Amino acid sequence: MSSSSTSALEIEIFQYTDAHQSDFIENLKEWVAVESNSVQPDLRKEVVRMMALAADRLAALGATVNLVNLGSHQLPDGQDLPLPPVILGELGKDPQNPTICFYGHVDVQPAKKEDGWNTDPYTLTEIDGNLYGRGATDNKGPVLAWINAMETFRALKLAMPVNFRFVIEGMEEVGSLGLENLLEEENQCFFSDVDYFVISDNLWLSNKKPALTYGSRGNACFFVEVECGSKDLHSGTFGGIIHEPLMDLITLLDSLVDPTGCIQIPGIYDSVAALREEERKLYKSIEFDLEEHKNNSGVKKFIFGTNEEILLHLWRYPSLSIHGIEGAFHEPGIKTVTPAKVIGKFSIRQVPHMDLLVVKQQVVEHLKAVFSKRNSPNKLKVSKPLGSKPWLADVNDLSYKAARRAIKTVFGEDPDFIRDGSTVPVARMFQTITQKSVMMLPIGAADDGEHSQNEKISRHNYIKGTKLFAAFFLEISKLHRHLHETSHTETNN
Ligand SMILES: NCC(=O)N[C@@H](Cc1c[nH]cn1)C(=O)O
Ligand SMILES: [Zn+2]
Ligand SMILES: [Zn+2]
């Protein structure tokens with residue numbers, strides 16, 4: 001449905017988009033077919049191939065594309081592995097137009113059919129209006145939707161209403177390695193004329209209602225390692241007479257959070273920004289369907305029972321999750337061995353105004369204190385391999401106004417204004433480094449299953465997302481020009 005204020009130009013653009021749905025879906029099929037998994041080193045060549053495909057598509061639109069080499073990084077075994085290049089692309093330099101920098105990533109989380117997928121994760125498959133495949137929503141679909149919107153203007157021979165800049169990376173799923181340095185280096189060059197940053201790498205809060213995102217949590221990832229010696233031991237020969245590393249580790253992991261979700265590390269909540277009354281009211285007014293969210297998760301019961309508590313704990317309080325134990329036996333069957341070294345992996349989602357250095361110190365002190373009570377002779381090591389800060393935007397920025405109007409035009413309703421419990425490290429990087437406006441404009445629905453089995457984007461969201469981006473180009477162009485004409489007139493008077 002389109003609102004009554006849809007212009008003739010928008011109608012022409014939307015009709016083109018509808019008529020070319022199959023082409024746009026074919027493009028997504030081609031991208032999903034590339035197993036650009038950035039987590040597994042032996043698939044790095046596929047990430048590099050994916051970057052080249054994305055660069056070609058931008059170049060076909062007439063963009064100048066630079067594949068920037070980021071050097072290499074060290075794997076846990078000490079081996080050096082080249083990082084995939086980052087795409088810096090640009091199209092348009094009209095001084096009358098606003099310059100929008102779009103960020104996206106084309107690497108994906110790992111996926112195997114045997115993990116429980118109903119279809120091959122690398123063959124985009126449409127079932128009941130949903131397009132299933134790894135990366136369909138995170139993040140290949142949204143990146144292509146932006147490109148489709150540009151392609152529509154080009155195909156209809158319409159003047160581009162904005163200047164485009166692109167940052168497309170291939171290491172987002174492992175913490176955007178190497179990106180921050182590049183952004184700092186390019187701040188006065190590539191980013192110098194950017195007015196607005198737009199990121200489309202998160203989901204709506206609802207399965208059906210569009211959203212605009214003005215905040216995301218950061219993340220501090222921790223490894224806690226316990227080692228008793230250089231080799232695994234037979235539990236019949238040594239069990240009961242040694243301090244087993246896995247027992248030490250389980251005690252340490254068990255000490256982190258209580259069953260109400262409250263983090264047990266002393267001091268961790270000390271600097272969390274106090275909740276303001278307007279904020280509480282805002283949460284009350286958001287249309288959030290707790291039952292729908294529960295169904296999307298597949299679990300029977302959440303820790304919290306009200307919308308407000310759930311949103312507070314997802315968006316503006318820290319949370320701690322345990323992700324795995326390296327070195328512990330995890331295959332089917334029985335193995336009566338005690339591992340010599342185990343590494344527990346957990347992360348703490350950061351909110352304003354937590355400080356990563358302070359958090360690390362609190363974690364280390366807590367783990368050491370718990371460990372010392374066990375009188376274990378084993379070696380304890382704690383490290384923080386990755387840390388990203390939270391991000392919070394000003395919803396009065398012009399880009400939010402433009403996006404809100406575009407959403408109303410395309411979806412016929414106002415968006416929810418939401419924060420995101422997950423982390424898009426680049427949002428905070430753009431904001432801190434460039435001091436420019438950053439907005440997250442998601443097109444995926446809450447049930448898209450990012451990082452999960454049977455990830456999808458619906459045909460509806462992919463196509464409407466394409467229209468949304470096109471409508472956004474027009475709205476931000478209008479508002480930006482108006483603002484600059486007004487300020488120019490004021491200066492002259
Ligand atoms: N859609 C964004 C996303 O899923 N981001 C990851 C990024 C991350 C954070 N810590 C390590 N990686 C997320 O888990 O939030
Ligand atoms: Zn993503
Ligand atoms: Zn992701």
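Everything quoted here is computed from the prediction, not taken from an experiment. Read the numbers this way: they start at 1 and go in the same order the structure lists the ligands and their atoms.
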Look up atom [atom1] in [X] and atom [atom2] in [Y], then write down how far apart they are to the nearest 0.5 Å.
X: Arg57; Y: Leu144; atom1: CZ; atom2: CG; result: 6.5 Å
X: Asn130; Y: Asn454; atom1: CG; atom2: CG; result: 10.5 Å
X: Thr123; Y: Trp117; atom1: OG1; atom2: CH2; result: 10.5 Å
X: Ile443; Y: Asn139; atom1: CD1; atom2: CG; result: 8.5 Å

Starting from [atom], locate the nearest protein heavy atom and write down its residue, its atom name and how far away it is, to 0.1 Å.
atom: atom 11 (C) of ligand 1; result: Leu386 CD2, 3.6 Å
atom: atom 10 (N) of ligand 1; result: Asn219 ND2, 3.0 Å
atom: atom 3 (C) of ligand 1; result: Thr423 O, 3.5 Å

Would you call the rings of Phe472 and Trp146 parallel, tilted or perpendicular if under 30° counts as parallel and over 60° as perpendicular?
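Geometry flag for Trp146 against Phe472: tilted rings.
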So if I count the atoms of ligand 1 from 1 in the order they appear, which ones are less than 4.0 Å from some heavy atom of [X]?
X: Glu450; result: 1 (N)
X: Ser422; result: 15 (O)
X: Asp201; result: 1 (N), 2 (C)

To the nearest 10°, how many degrees is the angle Asp201 OD2 to the Zn ion (ligand 2) to His105 NE2?
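Vertex the Zn ion (ligand 2), arms to OD2 of Asp201 and NE2 of His105: 90°.
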Can a non-hydrogen atom of Glu172 be found less than 4.0 Å from any atom of ligand 1?
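For ligand 1, residue contact (heavy atoms, under 4.0 Å) with Glu172 is present.
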Which one of Arg349, Met440, His451, Glu173 has a non-hydrogen atom at the shortest distance from atom 14 (O) of ligand 1?
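Shortest heavy-atom distance from atom 14 (O) of ligand 1: Arg349.
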Report, rounded to 10°, the angle at the Zn ion (ligand 3) between the two atoms NE2 (His451) and OE2 (Glu173).
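Here the angle at the metal atom is close to 120°, to 10°.
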Can Lys368 and Glu365 be counted as an ion pair, charged N to O under 4.0 angstrom?
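So Lys368 does not pair with Glu365 through a salt bridge.
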Answer yes or no: is there an ion pair linking Arg419 with Glu279, defined by an N-O contact shorter than 4.0 Å?
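Answer for the salt bridge query: yes.
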Given the side-chain rings of Phe288 and Tyr283, with only the six-membered ring counted for Trp, is the space between their centroids under 6.0 Å?
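No, they do not, as the ring centres are separated by 6.0 Å or more.
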Does the N or O separation between Asn202 and ligand 1 drop below 3.5 Å for any pair?
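Checking ligand 1 against Asn202, no N or O pair falls under 3.5 Å apart.
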Among the N/O/S atoms of Asp138, select the one at the shortest distance from the Zn ion (ligand 3) and name it.
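So the atom name we want here is OD2.
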